[in-house]
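Reading through the structure tokens given below for one structure.
Quick note: numbers below take in every heavy atom, side chains included, and nothing from hydrogens, waters or symmetry partners. Labels below follow one simple rule: chain letters A, B, ... track the order of the sequence lines, proteins then strands, and each chain is numbered from 1.
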There are 2 protein chains.
Amino acid sequence: MASRSTAKKEALKTLLVLERFLPYRLNVLASLTSNALAQIYAERFGLSIPAWRVIATLGQYDVRTARDIATHGVMHKSTVSRAVSSLEQRGLIVRRPNEDDRREELLALTPEGSAIYESLAPQALAFEEHLVSVLKPQEQELLVSLIDKLSRHARSLTREGEGEA
Amino acid sequence: MASRSTAKKEALKTLLVLERFLPYRLNVLASLTSNALAQIYAERFGLSIPAWRVIATLGQYDVRTARDIATHGVMHKSTVSRAVSSLEQRGLIVRRPNEDDRREELLALTPEGSAIYESLAPQALAFEEHLVSVLKPQEQELLVSLIDKLSRHARSLTREGEGEA
DNA sequence: ACTTATTGGTTGCATGAGCAACGGTTTCTG
DNA sequence: CAGAAACCGTTGCTCATGCAACCAATAAGT
């Protein structure tokens, strides 16, 4: 399992160790947590990640437009659009045209949607707590502050602050 | 922009603040860094994330099977399979059947693949360095150790250690 | 040795997401 | 006030990806 240091030709030297590469580590960790979390909202409620983010945002803010949700959840507007359609079909949210600006639609959770939110949010928080329970409270704070600092910086490296899921 | 605390019915209370939710934060940060990094290997070399991981792994280990790469890069085997096909077509890697076990194929970079690796890896490292330059060296170490601790723990919460990109 | 289970890798299928173009509205500008 | 520009949201297209079924090869069990 070790490295064959001398191949036929000059062995190319190891420039980068993937497991130590920060973007890789971040992706792995994000994937792990996303997947674990998805087991909650996908298996139990049939929600996709975007759908879950829509619900979480509406649970947090009561009423928002699709665009607000996209910005807030760092999702593409088409992603949000489809998630919203699907949630509406399932009767979890309602859309109401904004009479002041008829381009946009105000979205809100239905009672059924709220019920899901109220059931899901505590489970999500419990998961989070369980996840970070390996860290000391002090470490938890530190982690969050480091992540935020990095995120702010990373945002400035990309052209914009848009993105995907 | 604040919360309308008293809606028609009982306003549902905010249970979860998305921006403070760790899995969300991790996803945002991972997306930001992935996208920024992808600008390097996608725009300049036309590589996808899986392709880049294959190259990085082969650059690191010289010779591996597809399965090794999948495990190592936390990718699905079908993802790796397709990435490998595409890289082979482009002449960046070669496959050689393992005579000892003819189910598997040994993969290695071609000179062209190595050239890309040798050009790309330093750029990736430079990007990483630039990214973490907002953190003090001490903070960088801390971040990595926290991430690793969390990753190990998260892995134990999922059924397996497989995943996606 | 023969059957059965396991493993490495590929591929068809369905889903999901980004992109870009579009329709309908509002705002900005002259 | 008319035309251009910006903006919200939708949709067709394409591509990436996870899943599951599958083929070929090896290992395990009897």
*side chain to side chain donor-acceptor pair (under 3.5 Å) assessment of B/E19 paired with A/Q60*: CA-CA 10 Å; B/E19 308 89 292; A/Q60 182 176 345; 3.1 Å; yes
_So if I take every side-chain heavy atom of A/R82 and compare against C/dT10, C/dG9, D/dC13, which nucleotide ends up nearest?_
D/dC13
_Atom-to-atom span, CZ of A/R102 to P of C/dT27 - whole angstrom_ = 11 Å
*asked:* Could you walk me through whether A/E139 and B/K149 satisfy the salt bridge (charged side-chain N to carboxylate O under 4.0 Å, His left out) test, starting with their C-alpha distance in whole Å, then the side-chain angles of each, then the deciding distance to 0.1 Å, before giving a yes or no?
replied: CA-CA 11 Å; A/E139 291 178 322; B/K149 213 186 278 188; 3.3 Å; yes
*asked:* Classify A/T65 by what it touches in the nucleic acid, base, sugar-phosphate, or nothing, heavy-atom distance under 4.0 Å.
replied: sugar-phosphate
_Protein-nucleotide distance (A/N98, atom CG; D/dC7, atom P), rounded to Å_ = 17 Å
*The single option from B/M75, B/R82, B/H76 passing side chain to side chain contact (heavy atoms under 4.5 Å, CB included) against B/P50*: B/M75
*Between atom CG in A/D68 and atom C1' in D/dC8, what is the gap in whole Å?*
11 Å
*Would you say C/dG9 has OP1 or OP2 under 4.0 Å from some side-chain N or O of B/S81?*
no
Please tabulate, one pair per line, each protein N/O and nucleotide N/O from nucleotides 14-16 of chain D that are separated by under 3.5 Å, including the distance.
none

*Using 30° and 60° as the class limits, which term best fits the ring planes of B/H72 and A/Y24: parallel, tilted or perpendicular?*
parallel
_Between A/D68 and A/T65, do the side chains contain a donor N or O and an acceptor N or O under 3.5 Å apart?_
yes
*Tell me: CD1 of A/I49 to C1' of D/dT17, nearest whole Å?*
13 Å
*For the side chain of B/S78, starting at C-beta, report the closest nucleotide among D/dT11, D/dC8, C/dT11.*
C/dT11
*Calculate the interatomic distance between B/E99 atom CD and C/dG8 atom P; express it in whole Å.*
18 Å
N/O contacts under 3.5 Å, protein versus nucleotides 4-7 of chain C?
| unit_1 | atom_1 | unit_2 | atom_2 | d |
| --- | --- | --- | --- | --- |
| C/dT7 | O2 | B/R103 | NH1 | 3.0 |

*asked:* Please identify which of these residues, A/R67, A/R95, A/R64, meets the salt bridge (Lys or Arg N to Asp or Glu O under 4.0 Å) condition with A/E105.
replied: A/R95
*Is the A/W52 ring parallel, tilted or perpendicular to the A/Y41 ring (thresholds 30°, 60°)?*
parallel
*Whole-Å distance separating the CE atom of A/M75 from the P atom of C/dG16*: 14 Å
*How long is the span from the CG atom in A/L26 to the CG atom in A/L150, to the nearest 0.5 Å?*
7.5 Å
*Would you kindly give the CD-to-C1' distance between B/E104 and D/dC23, to the nearest whole Å?*
16 Å
*Give, for atom OG1 of B/T57 and atom CG of B/D62, the distance between the pair rounded to the nearest 0.5 Å.*
12.0 Å
_Euclidean distance, atom NE2 of residue B/H76 to atom C1' of C/dA14 [Å, nearest integer]_ = 14 Å
_Assuming nearest nucleotide by heavy-atom distance, tell me which of A/D101 and B/E105 is located more 5' along DNA chain C._
B/E105
